[in-house]
Amino acid sequence: MNCKETQRLLVPYINGELEVREEEEFVRHVRHCAECYEELEVYATVFAGIRQLDGAEDLIDYRTLVEDYLENSEEDGLDEHFLGTYTFLMKMAATVVLFYMIVRCFF
């Protein structure tokens, strides 16, 4: 992902509207690009301030706002990978059990 794509996704990222893969790429880029990180700080601060004025959020720690966003995204990515692996393993186990049952019934 490049800077232009990242900047296009700033608002959808803050609103939690990105797909998992897109969010992972976004976070990876922001972690390594000082300009995009700074841009995310500006957007996140403005959006958090607006939500706070609207009464949607209580107290906001603006010093850690962006890091909180990024850490939550990284944790969600790990959860998604774990769930995908778990689902794959469960399907494989079910396939093995089904195969075993078929073999036992017919042979």
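Computed from heavy atoms alone, side chains included, the values below leave out hydrogens, waters and symmetry copies.
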More than 12 heavy atoms of other residues, nucleotides or ligands under 6.0 Å from OH of Tyr37: yes or no? yes
Take atom CD of Glu17 as the centre, draw a 6.0 Å sphere, and report whether it contains more than 12 heavy atoms from other residues, nucleotides or ligands. yes
Quick one: pull up [atom1] in [X] and [atom2] in [Y] and give me the separation to the nearest 0.5 Å.
{"X": "Asn2", "Y": "Glu25", "atom1": "CG", "atom2": "CD", "value": "10.5 Å"}
{"X": "Asn15", "Y": "Leu9", "atom1": "CG", "atom2": "CG", "value": "12.0 Å"}
{"X": "Glu38", "Y": "Cys33", "atom1": "CD", "atom2": "SG", "value": "10.0 Å"}
{"X": "Tyr43", "Y": "Ile14", "atom1": "OH", "atom2": "CD1", "value": "8.0 Å"}
{"X": "His29", "Y": "Glu35", "atom1": "NE2", "atom2": "CD", "value": "8.0 Å"}

Please name the pair of heavy atoms, one in [X] and one in [Y], separated by the smallest distance, quoted to 0.1 Å.
{"X": "Pro12", "Y": "Leu18", "result": "CB-CD2, 3.7 Å"}
{"X": "Glu5", "Y": "Met1", "result": "OE1-CA, 3.3 Å"}
{"X": "Glu39", "Y": "Gln7", "result": "CG-CG, 4.4 Å"}
{"X": "Leu40", "Y": "Val30", "result": "CD2-CG1, 3.9 Å"}
{"X": "Phe26", "Y": "Thr6", "result": "CE1-O, 3.3 Å"}

Pair Arg21 + Glu24: basic N to acidic O under 4.0 Å: yes
